[in-house]
Amino acid sequence: MFAALNPQIRQWQGKKVWIVGASSGIGAALAKELLSLGAELALSARSEGGLQKTAQGHVNALVLPMDATHAYEWRQAHARLKSHWGDSPYWVVFCAGVYRPEHSWELSSASTQNTLQTNLASVFFGIEAVLPGMLQRREGGLVLVASVAGYMGLPNATVYGPSKAALINLAELLYAELHPRGLGVYLVNPGFVKTRLTERNDFPMPALQSPEQAARAIVAGLARGQFEISFPKRFTWWLQLVRLLPQRWRFAVISHTTKP
């Protein structure tokens with residue numbers, strides 16, 4: 001049997017975790033799941049009201065509002081967190097994301113910049129802020145929430161898909177560099193999850209899951225020490241199979257399944 005690629009996180013009691021993108025959707029659901037398991041959390045997003053709702057009733061949750069698209073806000077929030085905890089976070093979950101369904105002929109420079117800043121650049125800013133402390137301690141890890149939309153070029157995801165493909169590439173690179181230094185790197189690739197973002201879709205979403213189901217799948221994957229945590233399997237396995245097809249066949253399948 002193959003050994004786990006990452007540390008297997010089976011006990012969360014007292015573990016210090018920073019979740020960025022915790023005001024709604026998968027991030028909020030994951031925060032509530034980890035809080036119920038005894039983790040000590042810092043919760044960040046732009047919406048302080050959303051964060052307060054996520055943290056409600058939990059004394060082990062620190063609300064830490066910030067705009068993840070600005071590097072200086074990462075530095076400020078990290079300094080506040082270190083002051084509060086007396087230490088850097090052991091685990092950081094990058095879950096901030098935006099999505100706008102759009103075809104290639106519907107591009108908007110403002111929307112494109114917002115998507116790339118939120119989905120991709122913010123992760124680089126966060127890594128710059130938290131990684132030095134993690135490397136010094138040689139314990140903990142990074143959790144990057146990407147998407148199965150990053151597996152291949154899918155119509156109607158003109159900016160979102162490439163931003164998530166870049167995160168998949170980044171997670172693989174980080175694993176190669178950080179695993180030998182004692183850190184874990186986990187890549188989360190969800191299928192369709194019912195959130196305010198996917199409400200914009202006007203097409204059928206196979207195997208649609210709730211944020212709570214997604215959170216439980218992530219926690220289970222972390223407990224197994226998986227590098228890639230993808231779900232639901234009945235959907236993600238099909239996409240992975242399509243990805244292995246020769247290009248001509250792959251394009252035919254994509255075109256057939258995404259017809260308006």
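Note that the structure is a prediction, hence the values are computed from the model and not measured. Only this structure's heavy atoms are used, side chains among them; waters, hydrogens and symmetry mates stay out.
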Quick one, Ser23 with Arg46, criterion side-chain contact (heavy atoms from CB on, under 4.5 Å). Give me CA distance, side-chain angles, the key distance, then yes/no. CA-CA 8 Å; Ser23 62; Arg46 281 177 287 197; over 6 Å; no
Evaluate Trp105 against Thr158 for side-chain contact (heavy atoms from CB on, under 4.5 Å), listing each step before the verdict. CA-CA 9 Å; Trp105 54 86; Thr158 305; over 6 Å; no
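In the hydrophobic cluster analysis, where Ile, Leu, Val, Met, Phe, Trp and Tyr join through side-chain heavy atoms closer than 4.5 angstrom, Val98 is grouped apart from Leu167. If you chain together hydrophobic residues whose side chains sit under 4.5 Å apart, Leu30 and Leu37 fall into the same group. Hydrophobic clustering of Ile, Leu, Val, Met, Phe, Trp and Tyr side chains at less than 4.5 Å, counting indirect connections, unites Leu135 with Leu170. Residue Leu41 is grouped with residue Trp12 when hydrophobic side chains (ILVMFWY) are merged at heavy-atom distances under 4.5 angstrom, including chains of intermediate members. Hydrophobic clustering (ILVMFWY, side-chain heavy atoms < 4.5 Å, transitive): Leu116 and Val145 are in distinct clusters.
Nearest heavy atom pair, residue Ser88 against residue Arg137, reads O-NH1, 3.3 Å. Contact detail for Glu40 and Trp85: the closest heavy-atom pair is OE2-NE1, 3.0 Å. In terms of heavy atoms, Ala22 sits closest to Leu51 at C-CD2, 3.8 Å. In this structure, Val20 and Ala68 approach most closely via the heavy-atom pair CG1-CB, 4.0 Å. Contact record, Ala31 with Leu43: CB-CD2, 3.7 Å, taken as the closest heavy-atom pair. Between Leu64 and Ala77, the shortest heavy-atom contact is CD2-O, 3.6 Å.
Salt bridge Glu102/Arg100: present, at least one basic N to carboxylate O contact under 4.0 Å.
In this structure, Phe227 and Tyr175 have perpendicular ring planes: the angle between them is above 60°, well past the 30° mark.
Counting heavy-atom neighbours within 6.0 Å of Gln113 CD, excluding the residue itself, gives a total of 12 or less. Taking a 6.0 Å sphere around CD of Gln11, one finds it holds 12 or fewer heavy atoms contributed by other residues, nucleotides or ligands. Counting heavy-atom neighbours within 6.0 Å of Glu73 CD, excluding the residue itself, gives a total above 12.
Annotation: side chain of Asn6 is not in contact with side chain of Gln226 (no heavy-atom distance under 4.5 Å).
Of the possible donor and acceptor atoms, none in the side chain of Ser111 sits under 3.5 Å from a partner among the backbone N and O of Leu107.
To the nearest 0.5 Å, atom CG of residue Leu144 and atom NZ of residue Lys164 are 9.0 Å apart. In this structure, CG in Leu183 is found 6.5 Å from CG in Leu131, a value given to the nearest 0.5 Å.
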